[in-house]
Protein chains: 2
Amino acid sequence: MEKKVDFTSKDISSRMVTRITEYLTILYEVSKYEKKINSLDLAIKMDSTAAQVRKDLSTFGEFGVRGRGYDVAKLIEILEHILGIDKKNKLILVGYGKMGSMLVSNSVVLGKGFEIVEVFDKDKEKIGQKTEGLDIIVKGSDEMDEYIRKYNINQAILAVNKEEAQAVAKQLVKSGIKGILNLTAFKIELPREIAVISVDISAKLQELNFWRRHIDINKKGE
Amino acid sequence: MEKKVDFTSKDISSRMVTRITEYLTILYEVSKYEKKINSLDLAIKMDSTAAQVRKDLSTFGEFGVRGRGYDVAKLIEILEHILGIDKKNKLILVGYGKMGSMLVSNSVVLGKGFEIVEVFDKDKEKIGQKTEGLDIIVKGSDEMDEYIRKYNINQAILAVNKEEAQAVAKQLVKSGIKGILNLTAFKIELPREIAVISVDISAKLQELNFWRRHIDINKKGE
DNA sequence: TAGATTGTTAATCGATTAACAATC
DNA sequence: TAGATTGTTAATCGATTAACAATC
């Protein structure tokens, strides 16, 4: 990467970060067929505009070549670097229920750059079990704090029952966790300096249901 | 519900629909402790503003009482009605892999108002299997079209490999499906009149990773 | 009636888009 | 050089917020 990726002083909107992940998804596909892409073609695949694409990408540096477009492989490298997935990021998984065990046995859903290094559950039946897919033995929740500190873990996937979500999240933060992927349908409240991203399939089904029924409505934005 | 819920002529932004699902998540929790809530308290729980809350809710009718606030139970009823989850919505599930079987055996993730009525897979090993959790026998993908038409299904969860996602989605639309919850990390392209909502855990992990590393950056919006 | 809080309009803010000079 | 397409500025558009009259 010759050009520097720099955004330390910039304001970044959460919308743009979401779009960066979408560019990457598309570029992985495009890379199978093309070496180059220009802002318009990428915009069409994004259901967006060429101006938006150029603006987004230029936030982090000058990665295109005037008259030529963008090099797909280089752009992938750059976006992966921006998102910090050009190296392995360690995660712990808390909650080894249906959702948790699906993630462990199906590591493809985590995508590039992430690795579950330990699994915790409070259920005595599950503690000591060897996980399917990874060579990990499920540990008890009481060992969580020690593990996080010892191995300097800073990110966790929260896949417990929603009733426990808030309490467990708080506990994780106390142990030093800085980012939580919340897979429960509970809105957890944590200090501003902790990153929380939620994935709620039931909420997404609700959105889908709304738009399926009202697709005729003037859908603004996006 | 005395007041009419009406939004046939209104422009609705996708952002607002997302917020509606978030209000609902919060109200389910609030309903355990309170009968009433005002726009400011709801806003605080949303990390939003009272004006935003009132504006959002007033889009669909007048549901509050001046000087009093909103009735929690009534608001839940209204939002459920807006999202169309005050009745059961039938879904078929396509793809009975790790993700698909997790959804079937763990129906709580679907939330209120949704029901998987049939499961399809192309894998001969899986066809004929009785699903864990539901009393459903996995059908072959070749029976999909007939089933959709016969039972008038209009919504599907797509949980196949991302390599097949586009082709299967197209096929579903051809059979009459109007809404797809896309659980693959592939951006499917379909006609404008088909509702598609995607849930991509790997993309969300990327966002989380970004914000965890750059939480100091001036995060705008949201 | 006084106090509280909604619903809504107008003002502000931020994000997207159009346009074009820069340059490969 | 001519053509293509970026990076960026200024204009537009849409979404959020402030303010307040309405009203319980």
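First the proteins, then the strands, lettered A, B, ... as listed; each starts at 1.
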Checklist entry - Will you find, in the side chains of B/N89 and B/K87, an N or O donor that is under 3.5 Å from an N or O acceptor? => result yes
Checklist outcome for this item: CD1 of B/I188 to CG of B/L158, rounded to nearest 0.5 Å, is 5.5 Å
Checklist outcome for this item: Each nucleotide of nucleotides 1-6 of chain C classed B (base within 4.0 Å of a protein heavy atom), S (only sugar-phosphate) or -, in 5' to 3' order, makes ---BBB
Checklist entry - Is there a donor-acceptor contact under 3.5 Å linking the side chains of A/N182 and A/T184? => result yes
Checklist entry - Roughly, in whole Å, what's the span from NZ in B/K55 to P in D/dC20? => result 17 Å
Checklist outcome for this item: Residues pairing under salt bridge (charged side-chain N to carboxylate O under 4.0 Å, His left out) where one sits in residues 176-186 of chain A, two or more places apart or in two chains, turn out to be none
Next on the checklist: Does D/dT16 have OP1 or OP2 under 4.0 Å away from a side-chain N or O of B/T49?
Outcome noted: no
Checklist entry - Between A/R19 and B/L57, which has a closest nucleotide on DNA chain C that is more 5'? => result B/L57
Next on the checklist: Just the rounded figure in Å: distance from P of C/dC24 to NZ of A/K74.
Outcome noted: 12 Å
Checklist entry - NZ of B/K36 versus P of D/dC24: gap in Å, rounded? => result 13 Å
Next on the checklist: Within the structure provided, determine whether A/D200 and A/F186 are in side-chain contact (heavy-atom separation under 4.5 Å).
Outcome noted: no
Item to check | Atom NZ of A/K36 with >12 non-hydrogen neighbours under 6.0 angstrom | outcome: yes
Checklist entry - Atom CD1 of B/I20 and atom P of D/dA15: how far apart are they, to the nearest Å? => result 14 Å
Checklist entry - Does a salt bridge link B/D47 with A/K187, judged by any charged N lying under 4.0 Å from a carboxylate O? => result yes
Checklist outcome for this item: Symbol by symbol from the 5' end, with Watson-Crick or G-U pairs under 3.5 Å, [ ] crossing and | another strand, DNA chain D is ..||||||||||||||||||||||
Item to check | Check ion pair B/E22-B/R19 (N to O, under 4.0 angstrom) | outcome: no
Checklist entry - Rounding to a whole Å, what distance do you find between B/F60:CZ and C/dT8:C1'? => result 16 Å
Checklist entry - What is the distance from CD of B/Q52 to C1' of C/dT12, rounded to the nearest Å? => result 14 Å
Item to check | Residue pair B/N161 / B/E164, side-chain donor-acceptor N/O under 3.5 Å | outcome: yes
